[in-house]
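Residue numbers start at 1 and run along the sequence shown. Since the model is a prediction, treat every value here as computed from it, not as a measurement.
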Amino acid sequence: MQDSTLNAPEIALASTASHEHHPDLRVFGLLTFLVSESLMFAGFFATYLILRGGAEVWPPEGTEVELLVPTINTIILVSSSFVIHLGDTAIKKNNVAGMRLWYGITALMGAIFLGGQVYEYLTLGYGLTTNVFANCFYLMTGFHGLHVFIGLLLILGVLWRSRRLGHYSATKHTGIEMAEIYWHFVDIIWIILFSLLYLLTLL
């Protein structure tokens, strides 16, 4: 009768092989999370449009929005999507230094966006509880700002991990791709928010 007992090296090899063949579901998990977040934002958008449709004057007097700072912020955030993609392209060419450069620039652009949003809050002249429009404005932009902040942390996390030699390469860059996907998500949501809260309000 053949002995089926494996020695230690064979066990380690079998474990490694099993791990390598195990599907990586991290990107799928992120996409599932983003779908759920999209539904939440969709609820905000639908509520806003219903409230806007039922109001005689929108936004109410004294809670108008301006376009200068939000437009600059929009240009910065949308442009950052192209910048972060350059980082993803760089790592697929095994260019870690290039990835770090482009992700660093993206992080700076995200920080500038958040700074612009804080500046806008400080200069609007109305607050969260002023009226229904102000309430919607702060909740929607604030919730999106939270997502930008989380995306910024993800990018900084990628930069921190990239300090380790060989952590990212042309064949190992899932974390980089996940950060990029998330960043594209916050960009798309902002484009919709900008259209609803600023462009549509001025029509």
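- With values rounded to the nearest 0.5 angstrom, Tyr103 atom OH is found 5.5 Å from Asp88 atom CG.
- In this structure, the side chain to side chain donor-acceptor pair (under 3.5 Å) partners of Ser80, at least two apart in sequence or on a different chain, are Trp183.
- Clustering ILVMFWY residues whenever any of their side-chain heavy atoms sit less than 4.5 angstrom apart, transitively, puts Leu199 in the very cluster that holds Phe133.
- Qualifying side chain to side chain donor-acceptor pair (under 3.5 Å) partners for Asp187, counting only residues two or more places apart in sequence or in other chains: Ser81.
- Closest approach of Glu120 and Pro70 over heavy atoms only: OE2-CG, 3.4 Å.
- Under 4.0 Å is where a charged nitrogen must lie from a carboxylate oxygen, and between Lys92 and Glu177 at least one such pair does.
- Tyr119 forms part of a hydrophobic cluster together with Val69, judged by ILVMFWY side-chain heavy-atom separations under 4.5 Å.
- Hydrophobic side-chain contacts under 4.5 Å tie Val118 into a cluster, directly or through other members, with Leu122.
- Residues meeting the side chain to side chain donor-acceptor pair (under 3.5 Å) test with Ser169, sequence neighbours left out: Thr171.
- Every ring pair (Phe, Tyr, Trp, His ring centres under 6.0 Å) that Tyr138 has, sequence neighbours left out, goes to Tyr121.
- Val158 and Gly175 get closest at one heavy-atom pair: CG2-O, 3.9 Å.
- Under the salt bridge (Lys or Arg N to Asp or Glu O under 4.0 Å) criterion, no residue pair touches residues 40-62, with sequence neighbours excluded.
- Chaining together hydrophobic side chains whose heavy atoms lie under 4.5 Å apart places Met109 alongside Leu68, Ile72, Ile76, Val83, Leu86, Leu101, Trp102, Ile105, Leu108, Ile112.
- Here the shortest heavy-atom pairing between Met99 and Ser162 reads CE-CB, 3.7 Å.
- Between Ala107 and Leu152, the shortest heavy-atom contact is O-CD1, 3.2 Å.
- Tyr182 and Leu30 get closest at one heavy-atom pair: CD1-CD1, 4.2 Å.
- From Ile181, atom CD1 reaches atom CG of Leu154 across 11.5 Å, with rounding to the nearest 0.5 Å.
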Inset, instruction - Check step by step if side-chain contact (heavy atoms from CB on, under 4.5 Å) holds for Phe44 and Cys136. - result: CA-CA 8 Å; Phe44 280 131; Cys136 290; over 6 Å; no
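- In this structure, Leu153 is a member of the same hydrophobic cluster as Met178, with clusters built from ILVMFWY side-chain heavy atoms closer than 4.5 Å.
- Side-chain contact check for Thr71 versus Tyr198: every heavy-atom pair is 4.5 Å or farther apart.
- More than 12 heavy-atom neighbours from other residues, nucleotides or ligands sit within 6.0 angstrom of CG on Leu39.
- Atom CD1 of residue Ile150 and atom CD1 of residue Ile155 lie 12.5 Å apart, to the nearest 0.5 angstrom.
- Remark: Asn94 engages no residue in a side chain to side chain donor-acceptor pair (under 3.5 Å) (not counting sequence neighbours).
- Checked against ring pair (Phe, Tyr, Trp, His ring centres under 6.0 Å), Tyr48 has the following partners two or more places apart in sequence or in another chain: Trp58.
- Applying the side chain to side chain contact (heavy atoms under 4.5 Å, CB included) test between His144 and each of Leu139, Leu77, Ile192 identifies Leu77 as the sole match.
- Hydrophobic cluster membership is shared by Leu146 and Leu128, with clusters built from Ile, Leu, Val, Met, Phe, Trp and Tyr side chains linked at under 4.5 angstrom.
- Think of Val78 as one node in a network of Ile, Leu, Val, Met, Phe, Trp and Tyr side chains linked at under 4.5 Å; its network also takes in Phe82, Ile191.
- Across all their heavy atoms, Thr201 and Pro59 have their closest contact at CG2-CD, 3.0 Å.
- Counting heavy atoms from C-beta on, the side chains of Pro60 and Thr63 come closer than 4.5 Å.
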Legend entry - Stepwise side-chain contact (heavy atoms from CB on, under 4.5 Å) check, Val148 with Trp190: CA-CA 10 Å; Val148 174; Trp190 176 253; over 6 Å; no
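- With hydrophobic clusters built from ILVMFWY side chains whose heavy atoms lie under 4.5 angstrom apart, Met40 shares a cluster with Leu34.
- Both Phe45 and Leu200 are members of a single hydrophobic cluster when ILVMFWY side chains are connected at heavy-atom separations under 4.5 Å.
- To the nearest 0.5 angstrom, Ile84 atom CD1 is 9.5 Å from Ile176 atom CD1.
- The CD1 atom of Ile189 lies 5.0 Å from the OG atom of Ser38; values are rounded to the nearest 0.5 Å.
- The structure places CG of Leu31 at 13.0 Å from CZ of Arg26, a figure rounded to the nearest 0.5 Å.
- Counting only residues at least two apart or on different chains, the ring pair (Phe, Tyr, Trp, His ring centres under 6.0 Å) pairs with a member in residues 147-179 are Phe41-His147, Phe143-His147.
- In this structure a side-chain-to-backbone donor-acceptor pair under 3.5 Å is present from Glu64 to Gly62.
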